[in-house]
There are 2 protein chains.
Amino acid sequence: MRGSDAAPAGAADFVAAGVNIVDVARRAGVSISTVSRTLRGSLNVSGDTRERVLRAAADLSYVPSPAASRLASGRTRTIGVIVQFSARWFFAEVIRGAEGVLRASDYDLLLFNVGDPASRAHLFQTMPLRRRVDGVLAVATNFSESETTALTRLGVPLVIVGHQPGPSGAGVGIDDTESAAMAVRHLVLLGHVDIAMISGLPDDPIGRGTTLARRAGFSAGLHAAGLPDRPDRIVSEPWGVEGGRRAMERLLTRPQLPTAVFAESDEMAFGALRTLRRVGLEVPGAVSVIGFDDHELAPASDLTTIAQPAYEQGRLAAAMALDLLTGNTDEVDQRLTLPTRLVVRGTTGPPRRDL
Amino acid sequence: MRGSDAAPAGAADFVAAGVNIVDVARRAGVSISTVSRTLRGSLNVSGDTRERVLRAAADLSYVPSPAASRLASGRTRTIGVIVQFSARWFFAEVIRGAEGVLRASDYDLLLFNVGDPASRAHLFQTMPLRRRVDGVLAVATNFSESETTALTRLGVPLVIVGHQPGPSGAGVGIDDTESAAMAVRHLVLLGHVDIAMISGLPDDPIGRGTTLARRAGFSAGLHAAGLPDRPDRIVSEPWGVEGGRRAMERLLTRPQLPTAVFAESDEMAFGALRTLRRVGLEVPGAVSVIGFDDHELAPASDLTTIAQPAYEQGRLAAAMALDLLTGNTDEVDQRLTLPTRLVVRGTTGPPRRDL
DNA sequence: TTGTATGCGTTATCAA
DNA sequence: TTGATAACGCATACAA
């Protein structure tokens with residue numbers, strides 16, 4: 001049933017599986033080169049044959065074999081995306097943003113989740129990326145030097161999401177330091193002078209760079225307000241809700257309870273809020289809390305926070321990778337810094353008066 | 001370090017890009033077929049040559065070209081995963097579970113996000129899945145008949161995550177109806193008799209099947225307790241936090257406030273909690289709230305809920321797809337139903353006494 | 001156990 | 001503008 005160009009109309013519906021470029025060419029009465037040209041870009045194809053080819057392809061509901069196309073062209077039309085925890089809000093949003101852009105350009109997105117050391121080692125040792133992607137998006141992953149080298153050696157465009165302190169290259173991110181300072185400024189303007197920070201472990205692979213940058217912003221914010229920089233007011237716990245919960249518990253054991261808390265991420269802020277609610281401390285009456293991210297669930301907790309455009313970062317990073325690929329840009333060293341903004345909700349207010 | 005016995009040391013490190021099977025064969029002093037055989041499964045290869053081949057491959061840091069391999073074998077070693085909103089908790093967890101299993105078996109995971117109608121139509125019309133996957137995981141997406149047909153016509157194993165009422169096939173999911181009834185039972189045992197349900201729109205593409213099943217469980221639970229089934233106590237709003245918030249607001253306008261609320265999902269429960277907190281109604285003092293999912297942030301809200309193993313469903317579905325592919329199972333019609341469990345936290349308690 | 005040879009379905013080069 | 005034809009790099013049936 002497959003080939004016969006005189007086949008009855010409905011037949012094609014059922015055979016689509018094994019239809020190849022030869023079948024289309026035969027049906028259109030042209031050569032396979034013409035089919036190939038027509039189907040992508042159609043440069044230098046007369047309107048007439050173009051019509052015939054497209055119709056033939058549609059009739060047979062032809063889909064080019066990606067494998068063959070990749071082998072012949074050397075291009076995979078695939079972008080690899082490296083994240084640590086694909087299910088976490090930030091990563092998930094970036095992935096979603098990138099997927100949309102890539103799909104629209106008919107690119108595939110290949111996901112690499114390297115949260116645990118084993119899979120991370122696997123990625124960088126056997127380098128499965130090697131022959132399967134035309135470009136790489138590395139999301140908020142601070143790479144070691146050898147990892148960076150491995151990535152560079154791939155010889156494909158690399159776009160980093162979430163600025164890294166180190167080497168140059170293409171990237172999109174936010175200004176973590178300035179944004180953290182913005183959070184502190186908000187608290188200071190409310191009248192707070194005793195502000196603590198809840199933060200991830202500085203050597204946690206999850207986001208060392210981010211943690212350090214936001215800590216720096218915390219200090220800078222205090223400094224700008226003429227307040228003393230008090231490193232003892234920075235509490236470190238593993239990143240996440242649980243860490244936030246524990247960090248807040250630790251703050252409660254201190255002789256002096258701060259009047260406000262800046263959490264490095266909304267997730268940590270959620271944990272902190274949980275602890276405060278549990279012990280019956282009012283927010284923001286007794287303690288103000290401000291987070292970072294504007295997580296999807298921040299409104300549900302009425303959390304004041306610094307919003308960062310995660311989805312947008314994914315979109316832009318993907319677009320950037322595509323540009324790099326198609327040579328639409330000469331800027332190989334393009335770094336985009338997106339704005340963040342303060343979102344005031346109900347968890348911040350003036351300090352209590354017990355000081 | 002790498003290459004040694006023939007080529008100059010550093011060389012291999014830099015050329016890895018263009019190394020192909022011929023290079024490996026030459027270096028090992030064997031034919032390319034032997035290399036091919038050795039590198040996958042190594043059936044019928046003598047220990048000696050096997051050694052040589054592996055060493056040669058390692059020396060050259062050879063990575064087989066997936067494109068060539070796919071073209072020659074006809075297999076893609078790729079599983080397509082269709083979800084609606086890759087960033088939502090449930091989907092994200094399933095993806096994460098599947099990715100781990102697939103990666104471990106050296107399969108790629110190709111993500112298709114079809115939340116908006118346009119991309120959904122695109123997926124089913126041009127069927128980009130056609131020549132790019134060996135199997136498909138469809139996550140909690142209730143397909144139309146024509147969509148199901150299109151999927152079936154792909155001729156590859158299909159595993160559905162989240163049971164569908166309709167056709168048979170392979171699948172993994174939970175018993176939504178029984179689980180919802182479990183939630184009601186918990187409330188009934190606490191003494192509640194006036195229970196409302198907050199639910200998604202029954203014709204929302206997000207999860208019609210799920211919504212209907214959980215509603216049925218709600219009714220069944222009431223019935224089992226000898227309580228009247230009151231459809232007027234089911235409030236429908238778009239799925240999500242915002243929907244939950246509005247649904248609770250609507251309940252507040254009713255003449256009689258229920259003493260307990262069962263939310264179809266934790267996200268909706270978060271919204272409901274938000275509303276209750278805003279108007280100053282105590283939870284569970286005035287109103288008890290129970291959710292469904294055990295979302296990552298449920299503990300942070302101290303939310304009582306029905307836990308379902310999303311990550312595990314992803315793992316099992318992927319494993320099932322792999323089994324179907326390798327013929328490790330004769331059960332083409334395997335349906336796995338995983339247990340759910342009640343997780344009692346702080347948002348449920350005895351009813352208030354005003355009735 | 002190992003090697004030879006063919007085919008997989010495109011892209012791209014070169015002629016026409 | 002169109003058509004032959006040689007890669008692309010591997011898997012596999014078959015032969016040795």
Side-chain angles (χ1 to χ4, degrees), chain A residues 2-3 15-54 56-57 60-78 106 108 128 130-132 134 325, chain B residues 15-54 56-57 60-78 106 128 130-132 134 325-326:
Chain A
R2 222 153 273 177
V15 286
V19 175
N20 64 20
I21 200 172
V22 177
D23 300 319
V24 177
R26 189 154 36 204
R27 186 180 185 103
V30 299
S31 73
I32 63 167
S33 344
T34 299
V35 175
S36 178
R37 274 188 298 251
T38 304
L39 259 36
R40 355 166 239 105
S42 63
L43 331 87
N44 304 343
V45 178
S46 78
D48 178 43
T49 55
R50 180 181 150 72
E51 283 298 308
R52 291 219 310 287
V53 169
L54 290 180
L60 301 172
S61 55
Y62 165 70
V63 175
S65 155
S69 172
R70 287 167 192 187
L71 181 57
S73 72
R75 277 167 255 117
T76 63
R77 280 193 96 76
T78 300
D106 205 35
D108 287 338
R130 189 106 46 102
R131 294 163 154 248
R132 18 179 62 111
D134 292 340
L325 245 46
Chain B
V15 286
V19 175
N20 64 20
I21 200 172
V22 177
D23 300 320
V24 178
R26 191 154 33 206
R27 186 180 185 103
V30 299
S31 72
I32 64 166
S33 19
T34 299
V35 174
S36 178
R37 275 186 297 251
T38 305
L39 259 35
R40 336 160 259 107
S42 64
L43 329 91
N44 304 342
V45 178
S46 80
D48 179 42
T49 56
R50 180 181 151 73
E51 282 300 306
R52 291 218 308 287
V53 169
L54 291 180
L60 301 172
S61 54
Y62 165 71
V63 175
S65 154
S69 170
R70 286 166 193 189
L71 181 57
S73 72
R75 277 166 255 118
T76 63
R77 280 193 97 77
T78 300
D106 206 34
R130 190 106 46 100
R131 294 162 154 252
R132 16 177 64 105
D134 292 341
L325 245 47
T326 55

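To find a chain, count down the sequence lines: A is the first, B the second, and so on, and within it residues start at 1.
Between the CZ atom of B:R26 and the C1' atom of D:dG9 there is a distance of 14 Å, rounded to whole Å. Distance B:N44 CG to C:dT2 P: 9 Å, rounded to the nearest Å. To the nearest angstrom, C1' of D:dA4 lies 9 Å from CD1 of A:I32. In this structure, B:R77 atom CZ and D:dA11 atom C1' are separated by 13 Å, rounded to whole Å. Atom CG of A:L71 and atom C1' of C:dA12 are 13 Å apart (whole Å). For the pair B:E51 CD and C:dT1 P, the computed distance is 15 Å after rounding to whole Å. In this entry the distance linking CZ of A:R75 with C1' of C:dT10 reads 12 Å, nearest Å. Atom-to-atom, CG of A:N20 to P of C:dG7 comes out at 14 Å; the value is rounded to the nearest Å.
Within 4.0 Å of B:V30, counting heavy atoms only, lie sugar-phosphate atoms of the nucleic acid but no base atom. Residue A:R40 is classed as a sugar-phosphate contact, given heavy-atom separations below 4.0 Å to backbone atoms only. Using a 4.0 Å heavy-atom distance criterion, A:R50 is classed as making no nucleic acid contact.
A:R37 has no side-chain polar atom (N or O) that falls below the 4.0 Å cut-off from OP1 or OP2 of C:dA12. In this structure, B:T34 reaches the C:dG3 phosphate: one of its side-chain N or O atoms is under 4.0 Å from OP1 or OP2. Side-chain N/O atoms of A:S65 include none lying less than 4.0 angstrom from OP1 or OP2 on C:dT10. Taking 4.0 angstrom as the limit, B:S73 places none of its side-chain polar atoms (N or O) nearer than this to OP1 or OP2 of D:dT12.
Each of D:dC10, D:dG3, C:dA12 was ranked by its minimum atom distance to the side chain of A:S31; first place goes to D:dG3. Proximity note for A:T49 (side chain, C-beta onward) versus C:dG3, D:dT2, C:dT11: the nearest is D:dT2. When the nucleotides D:dC10, C:dG9, C:dT1 are ranked by their closest atom to the side chain of A:A68, C:dG9 comes out on top. Here the side chain of A:S46 is nearest to one of D:dT2, D:dG9, C:dT10, namely D:dT2.
Across A:G18 and B:R131, no two heavy atoms sit closer than the pair C-NH2, 4.0 Å. Minimum interatomic distance between A:I32 and A:V22 (heavy atoms only, all atoms of both residues): CG2-CA, 4.0 Å. Considering all non-hydrogen atoms of both residues, A:A67 and B:L71 come closest at CB-N, 3.8 Å.
Judged by distance alone, with hydrogens and angles left aside, A:S33 brings a side-chain donor or acceptor within reach of the base of D:dA4, the pair sitting under 3.5 Å.
Salt bridge A:D23/A:R27: absent, no basic N to carboxylate O contact under 4.0 Å. With salt bridges taken as basic N to acidic carboxylate O contacts below 4.0 Å, none links A:R40 and A:D106.
Each of A:S36 and B:G29 was assigned the nucleotide of DNA chain C with the nearest heavy atom; the assignment lying further toward the 5' end belongs to B:G29.
A heavy-atom distance below 4.5 Å is not found between the side chains of B:L325 and B:R75.
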